[in-house]
A.B. asks: 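Have a look at this one.
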Amino acid sequence: MTPSNDLLPRREFLKQTGKTGISAASTYLLLSQFGWLTSLLTKADQAFAANRLDLLAQAAPLARYWIGANSATGHCLDCHGAEEDLQEAQHHHRKNQIKCLLCAQNCRINEGERGRCRTRINRNGELRSLVYGRPIAIHTDPIEKKPFYHFLPGSLAYSLATSGCPLQCKFCQNWEISQISPEEYSANYTVPNTIVSSANENNTPIIAFTYNEPTVFIEYLTDIARAARNQQLRTVMISCGFMNPEPLTELCSVLDAIKIDLKGFSPDFYRTVCSAELAPVLKSIKQIAKSRTHLEIVNLVVPTLNDSDAMLTNLIDWLVGEIGVDVPLHFTRFHPDYQLLNLPPTPVATLERAREKAMNSGLHYVYVGNVPGSEGNHTYCPSCHKKVISREGFFVQSMQMKDGKCEYCREPIAGIWS
């Protein structure tokens with residue numbers, strides 16, 4: 001999804017590359033991989049960006065889920081891991097250092113610096129959100145595009161994002177949104193009630209927080225979600241699942257559905273390809289499954305990286321054993337993008353093999369995504385095996401369900417249908 005707002009100064013630089021016959025995306029990718037971008041920006045550009053960041057920080061509202069090292073209410077060990085030995089000598093904190101408790105990166109942030117998501121800054125010993133009220137993209141999408149296949153199928157979702165993500169996935173399909181910094185784009189300040197009113201005006205019964213990692217704008221998200229609930233609108237989040245338990249508890253309390261991208265089933269894959277860890281994601285999935293929030297799982301199958309039979313089998317077995325057989329699982333086709341332009345699209349046979357393996361293991365609802373015309377795009381009754389939802393791409397063609405049950409055998413179909 002391409003951002004709808006102008007991005008400065010990087011966007012202006014990238015536009016100029018188009019005049020040379022080189023694509024903007026390819027040029028930025030090349031420069032960022034080799035660390036050349038900063039040297040090519042003029043000093044004026046860099047000064048402009050720094051000034052813009054300072055202005056944003058001055059106006060940024062207070063963030064939540066953090067602790068200050070010098071806070072009167074904090075304890076030293078809140079910022080330090082159990083593995084650290086603090087007994088040998090007196091420990092001196094850097095002035096105004098804080099620790100962000102929002103996601104599992106648990107960033108320690110010095111005065112004037114930001115965490116890995118780039119959206120939260122330490123200003124005068126307080127953590128501030130640089131993205132509250134600053135959506136970078138707003139679009140209306142079919143709910144199936146997220147993908148949610150068992151949550152109000154056929155509905156439209158009013159979708160929005162800010163910038164920022166705590167992960168740096170080499171295959172990110174939305175890198176132009178997730179991997180930029182707040183000072184690199186302009187946006188009209190938009191209060192939560194305006195988002196809700198716009199969703200109503202567009203006849204969209206769902207508001208979706210998507211494109212980047214919504215956890216980074218949790219303050220904005222939860223304010224919108226609560227306002228939406230007052231207007232009988234549903235809210236959903238498309239997430240990497242890399243948040244800490246306390247923020248996730250709040251998210252589950254205000255959201256109606258969460259889709260988690262389980263990017264692979266290997267700690268090494270998460271570290272080398274996503275700059276993250278697997279364990280917090282699994283913990284989040286289990287926490288959501290125990291809540292009343294509807295859950296669906298997506299696995300983007302990337303050739304040579306997470307498509308081995310062993311990794312797919314381990315992922316499936318974990319879901320069956322820890323989450324249950326009714327969670328919808330989507331195996332989605334990878335297309336070359338961002339830093340993995342060298343890899344081919346996922347063979348359809350790989351996705352079909354993964355789907356068959358999952359269904360043979362007992363999962364009731366398994367899908368193949370990004371493959372038009374695939375049988376794995378439809379929903380089948382787990383009892384009589386007849387097709388109960390037919391889809392063409394992201395659009396529902398027909399439904400053979402009544403009151404959440406199969407019209408043929410009256411078997412309940414897991415999901416939110418009304």
Side-chain angles (χ1 to χ4, degrees), residues 1 3-5 7 53 55-66 100-103 107 114-123 126-141 146 157-166 174 177-200 202 204 206-231 233-244 246-259 293:
M1 181 61 60
S4 58
N5 298 297
L7 307 180
L53 175 60
L55 292 174
L56 283 176
Q58 290 180 39
L62 193 66
R64 290 186 283 120
Y65 299 111
W66 59 276
C100 181
L101 304 176
L102 179 60
C103 87
C107 297
R114 290 181 279 184
R116 292 182 63 173
C117 69
R118 302 173 305 283
T119 66
R120 301 160 80 78
I121 191 169
N122 179 346
R123 182 172 173 81
E126 296 180 328
L127 193 63
R128 300 268 169 179
S129 170
L130 298 169
V131 292
Y132 189 101
R134 302 184 67 238
I136 189 174
I138 298 178
H139 299 273
T140 298
D141 297 320
K146 301 306 165 188
Y158 190 81
S159 305
L160 71 141
T162 69
S163 64
C165 182
N174 289 326
I177 293 175
S178 68
Q179 299 303 312
I180 69 166
S181 300
E183 70 272 20
E184 294 181 284
Y185 69 95
S186 59
N188 293 326
Y189 183 80
T190 308
V191 298
N193 283 336
T194 297
I195 297 293
V196 175
S197 297
S198 296
N200 271 322
N202 283 276
T204 49
I206 303 168
I207 296 176
F209 308 104
T210 182
Y211 308 139
N212 73 318
E213 172 48 50
T215 304
V216 305
F217 60 95
I218 187 171
E219 297 85 5
Y220 192 40
L221 182 159
T222 53
D223 285 350
I224 293 171
R226 291 186 174 99
R229 184 163 289 178
N230 289 336
Q231 295 293 320
L233 296 179
R234 311 289 184 91
T235 54
V236 304
M237 180 173 80
I238 290 75
S239 174
C240 66
F242 202 67
M243 66 285 283
N244 282 326
E246 186 179 355
L248 182 54
T249 296
E250 181 183 10
L251 290 168
C252 288
S253 73
V254 299
L255 292 166
D256 297 288
I258 299 176
K259 188 216 77 177
T293 308

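The figures here come from the full heavy-atom set of this structure, side chains too, leaving out hydrogens, waters and symmetry mates.
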A.B. asks: Kindly indicate, with the supporting measurements, whether the criterion side-chain contact (heavy atoms from CB on, under 4.5 Å) is fulfilled by L160 and I224.
C.D. replies: CA-CA 11 Å; L160 71 141; I224 293 171; 4.1 Å; yes
A.B. asks: Salt bridge (Lys or Arg N to Asp or Glu O under 4.0 Å) with R123: which residues, sequence neighbours excluded?
C.D. replies: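 R123 satisfies salt bridge (Lys or Arg N to Asp or Glu O under 4.0 Å) with D54 once adjacent residues are dropped.
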A.B. asks: Which residues pass the ring-ring contact (aromatic ring centres under 6.0 Å, His included) test with Y132, sequence neighbours left out?
C.D. replies: Y220
A.B. asks: Sequence neighbours excluded, which residues qualify as side-chain hydrogen bond (donor to acceptor under 3.5 Å, both in side chains) partners of Y158?
C.D. replies: none
A.B. asks: Roughly how far, to the nearest 0.5 Å, is CG of L233 from CD1 of I195?
C.D. replies: 12.0 Å
A.B. asks: Determine yes or no for a side-chain-to-main-chain donor-acceptor pair under 3.5 angstrom, with R134 supplying the side chain and Y185 the backbone.
C.D. replies: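 Checking the backbone N and O of Y185 against the side chain of R134, a donor-acceptor pair under 3.5 Å is found.
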A.B. asks: Considering only heavy atoms from C-beta outward, does the side chain of I136 approach that of I180 to under 4.5 Å?
C.D. replies: yes
A.B. asks: How long is the straight-line distance from OG1 of T140 back to CD1 of I206, given to the nearest 0.5 Å?
C.D. replies: 11.5 Å
A.B. asks: Could you list all the side-chain hydrogen bond (donor to acceptor under 3.5 Å, both in side chains) pairs where at least one residue sits in residues 248-257, not counting sequence neighbours?
C.D. replies: R64-E250, Y65-E250, R226-E250, T249-Q287
A.B. asks: Under the side-chain hydrogen bond (donor to acceptor under 3.5 Å, both in side chains) test, which residues partner R116, sequence neighbours left out?
C.D. replies: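 Residues passing side-chain hydrogen bond (donor to acceptor under 3.5 Å, both in side chains) with R116: Q105, Q168.
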A.B. asks: Ignoring hydrogens, what is the shortest heavy-atom contact between C100 and R120? Give both atom names and the distance.
C.D. replies: SG-NE, 3.7 Å
A.B. asks: Sub-3.5 Å donor-acceptor pair from the side chain of N212 to the main-chain atoms of T162, do we have one?
C.D. replies: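 Judged by distance alone, yes, a pair lies under 3.5 Å.
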A.B. asks: Going by heavy atoms in the side chains, are L251 and M237 under 4.5 Å from each other?
C.D. replies: yes
A.B. asks: Could R118 and E184 be called an ion pair, given the rule that one side-chain N must be under 4.0 Å from one carboxylate O?
C.D. replies: no
A.B. asks: Can you see which heavy atom on P135 is nearest to which on A187, and at what distance?
C.D. replies: O-CB, 3.6 Å
A.B. asks: Check whether any side-chain N or O of N244 sits under 3.5 Å from a backbone N or O of C103 as a donor-acceptor pair, and report yes or no.
C.D. replies: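 Confirmed, N244 side chain pairs with C103 backbone.
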A.B. asks: If you take all heavy atoms of I238 and A208, which pair is closest and at what distance?
C.D. replies: CD1-CB, 4.5 Å
A.B. asks: Should P182 and R114 count as side-chain neighbours, where that means a heavy-atom distance under 4.5 Å?
C.D. replies: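 A side-chain contact exists here, since the closest heavy-atom pair is under 4.5 Å.
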A.B. asks: What's the separation between atom CD in Q58 and atom CG in L53, rounded to the nearest 0.5 Å?
C.D. replies: 10.0 Å
A.B. asks: Taking only residues two or more places apart in sequence or in another chain, which ones pass side-chain contact (heavy atoms from CB on, under 4.5 Å) with A60?
C.D. replies: R128, L130
A.B. asks: What pairs with S239 under side-chain hydrogen bond (donor to acceptor under 3.5 Å, both in side chains), at least two apart in sequence or on another chain?
C.D. replies: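 E213.
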A.B. asks: Considering non-hydrogen atoms only, spot the tightest contact between T235 and A228 and give its length.
C.D. replies: CG2-CB, 3.8 Å
A.B. asks: Kindly write out the residues that satisfy side-chain hydrogen bond (donor to acceptor under 3.5 Å, both in side chains) with S129, not counting sequence neighbours, or none if the list is empty.
C.D. replies: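 S129 satisfies side-chain hydrogen bond (donor to acceptor under 3.5 Å, both in side chains) with no residue once adjacent residues are dropped.
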A.B. asks: At what distance, to the nearest 0.5 angstrom, does CG of N122 lie from CG of L127?
C.D. replies: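 One finds 7.0 Å between CG of N122 and CG of L127.
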A.B. asks: Please report the closest heavy-atom contact between S163 and S181, naming both atoms and the distance.
C.D. replies: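 That closest heavy-atom pairing would be OG-C, 4.0 Å.
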A.B. asks: Could you report the tightest heavy-atom contact between V216 and P166, atom names first, then the distance?
C.D. replies: CG1-CD, 3.8 Å
A.B. asks: Establish, from distance only, whether the side-chain atoms of T210 and K259 form a donor-acceptor pair under 3.5 Å.
C.D. replies: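 No, no side-chain donor-acceptor pair sits under 3.5 Å.
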A.B. asks: From F209 CZ over to I218 CD1, what is the distance, rounded to the nearest 0.5 angstrom?
C.D. replies: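 Nearest 0.5 Å value for the CZ-CD1 distance: 11.0 Å.
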A.B. asks: Mind checking the CG-CD1 spacing from L248 to I258? Nearest 0.5 Å is all I need.
C.D. replies: 5.5 Å
